[in-house]
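Structure record follows, encoded as structure tokens.
Chain letters run A, B, ... following the sequence lines, proteins first, then strands; residues in each count from 1.
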Amino acid sequence: MREPLTLEPTLSDDGLVELRIPSRAEWVGVARLAIAGIASRLQFSIEDIEDLKLAVAEACTNCIQHASESDSIAISCRIQADKLVVTVEDSGQAANHASLAPKQLGEPKVGGLGVFLIRSLMDDVEYELNPGSGTRLTMTKFLRT
Amino acid sequence: MREPLTLEPTLSDDGLVELRIPSRAEWVGVARLAIAGIASRLQFSIEDIEDLKLAVAEACTNCIQHASESDSIAISCRIQADKLVVTVEDSGQAANHASLAPKQLGEPKVGGLGVFLIRSLMDDVEYELNPGSGTRLTMTKFLRT
Amino acid sequence: MDIKVNVRDHDGQRPCSIVDLNGEIDVYTSPKVKEAIMGLIDSGHYALVINLENVRYIDSTGLGVLIGGLKRVREHSGAVNLVCTNPQIKKIFDITGLVKIFGIYESEAAACENL
Amino acid sequence: MDIKVNVRDHDGQRPCSIVDLNGEIDVYTSPKVKEAIMGLIDSGHYALVINLENVRYIDSTGLGVLIGGLKRVREHSGAVNLVCTNPQIKKIFDITGLVKIFGIYESEAAACENL
Ligand SMILES: Nc1ncnc2c1ncn2[C@@H]1O[C@H](COP(=O)(O)OP(=O)(O)O)[C@@H](O)[C@H]1O
Ligand SMILES: Nc1ncnc2c1ncn2[C@@H]1O[C@H](COP(=O)(O)OP(=O)(O)O)[C@@H](O)[C@H]1O
């Protein structure tokens, strides 16, 4: 039995992976698969990969459910040495600031968990609202080494 | 034991999923995951999903290995009622027609299998060469019902 | 990326219906889960065990369906217990505070007994 | 999307080296596979069994590595047998006609015996 060989990653930073899906529920799973692939390539832990999948999927779900008149969702993943920066952007009716603000959870109700989960699972979360040109969410996850 | 419920697909046709990856070997796996997700959403068989993964990956590999000066690969998947049309496009030095033509395999050698596999695995394959603006491959797989 | 839903009757100390979910619960698949759970409740089943052991992924729309089910059965003095062994999914119930409103168990037997 | 490579010695009728591959062989991972196989050959091992039972995916660069290995051992009157049970991967060997140049077996035992 010789020494097993394992693969050393040879990632350079500042790569950009972009994905555009129709703004429909059936395509969120594809975004989830892609982000899982990117994150595992970057050697994120299994827990962090799951966090990223859920955060990106929640962002897409909000575009689908709330951004009326948007027909597609643009997801971009910027790969940097120590972090992954993901933006999720629609071109629908922009959200309002109040609904996106960090908040404490009150009584459990059927809605209202998406933004809370995104803020809980990612290290840095920023929303930009462009009236008439949609909502743009930028979220960062640091690579723990 | 009641009747098990299974999910009926509610796909409308003519959706478009687009992916752009850096022209580097480590990102081909992400393209493969995305195409697998798209194809399984469209209810392609397991064998057809594997065919699509391999064809798209071979196309990306060729962009990476042969399209010098191209820094990214654009993959688009047009979802139609009875088929999936995938284009893979680079912006490097264009290929030449002879190397892309359908051919018989001769003596096994280390290279030269990529285009052959793409042509074997997909139902329709077309290359467009744009001198100075890269190679564009359009390939179609029909949904067998 | 899909979900399978199956419903079984369970005869224990307190008879209940067990809902087996297998797959991923997201914005695409949760309507199917909702239909199954609400259908069950509307046909008079107010003691539910929802088995998430084979659920690999759940998002906020999935959580919403579970919360909606719980609210509905409570109108009839019913109860919902969950079976959950996946640490990633447990974490989501923790973060959202839903551990405090659902009985969450490591085995189906425990979930049925404690209903 | 990664590959694990492990090399073992096998003492049979004809002693050989067994290369276990586990994962996906593509343009990113095949250099690692090539390094392992060529390293083995360069250190004097010309009887090889390459076990693909745990390979879920192989592309043309992976096939190229196997063909390159076969050519190299043949310069030393060596041989390469493959173990392959995955129908999807067998199909690739069929389509490309590589079934005709590799011995492909359903079990490691058969691949070693027929080397
Ligand atoms: N992309 C978006 N476009 C428009 N509105 C949005 C978007 N994302 C979030 N919102 C707003 O933020 C609110 C809170 O979202 P969330 O926490 O996910 O809960 P829910 O979606 O269940 O309402 C939504 O109800 C919506 O008003
Ligand atoms: N995207 C591309 N850009 C430039 N040349 C290409 C491209 N795709 C294919 N080619 C040409 O087609 C040839 C055959 O490709 P292939 O069958 O995959 O074999 P190999 O890549 O091993 O040479 C390549 O050698 C290359 O010259």
Side-chain angles (χ1 to χ4, degrees), chain A residues 6-44 46 49-50 52-53 56-57 60 63-64 70-81 84-91 143, chain B residues 6-44 49-50 52-53 56-57 60 63-65 70-81 84-91 143:
Chain A
T6 50
L7 200 72
E8 296 300 317
T10 57
L11 289 171
S12 30
D13 54 352
D14 262 311
L16 182 65
V17 177
E18 293 170 295
L19 177 68
R20 182 180 288 276
I21 57 170
S23 192
R24 289 205 301 269
E26 61 261 38
W27 299 111
V28 174
V30 172
R32 232 157 47 220
L33 275 176
I35 194 82
I38 294 164
S40 74
R41 194 44 101 220
L42 299 176
Q43 320 257 280
F44 276 101
I46 292 181
I49 294 171
E50 290 299 319
L52 277 160
K53 278 166 66 178
V56 169
C60 291
C63 298
I64 293 165
S70 180
D71 56 359
S72 72
I73 305 170
I75 301 157
S76 85
C77 302
R78 185 167 290 282
I79 292 107
Q80 300 187 342
L84 178 63
V85 182
V86 185
T87 68
V88 177
E89 193 170 358
D90 63 60
S91 56
L143 205 53
Chain B
T6 51
L7 201 71
E8 296 300 320
T10 56
L11 289 171
S12 29
D13 54 352
D14 263 312
L16 182 65
V17 177
E18 292 170 294
L19 177 67
R20 182 181 288 276
I21 57 170
S23 192
R24 289 204 303 269
E26 62 261 38
W27 298 111
V28 174
V30 172
R32 232 156 49 220
L33 275 176
I35 195 80
I38 294 164
S40 74
R41 192 48 98 217
L42 298 176
Q43 320 257 284
F44 276 101
I49 293 171
E50 289 300 319
L52 278 159
K53 278 166 66 177
V56 169
C60 292
C63 297
I64 293 166
Q65 294 186 328
S70 180
D71 57 358
S72 71
I73 304 170
I75 301 157
S76 84
C77 301
R78 186 166 290 282
I79 292 109
Q80 299 187 340
L84 178 62
V85 182
V86 184
T87 69
V88 178
E89 193 169 359
D90 63 61
S91 56
L143 205 54

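- Note that CD of A/Glu18 and CD of B/Glu18 are 9.5 Å apart. Values are rounded to the nearest 0.5 Å.
- With respect to A/Ile21, the side chain to side chain contact (heavy atoms under 4.5 Å, CB included) criterion is satisfied by exactly one of B/Leu16, B/Leu19, B/Val17: B/Val17.
- Atom CG of B/Leu33 and atom CD1 of A/Ile35 lie 11.5 Å apart (nearest 0.5 Å).
- Between B/Gly15 and A/Pro22, the shortest heavy-atom distance links the atoms CA-CG, 4.2 Å.
- The CD atom of A/Glu26 lies 9.5 Å from the CG atom of B/Leu42; values are rounded to the nearest 0.5 Å.
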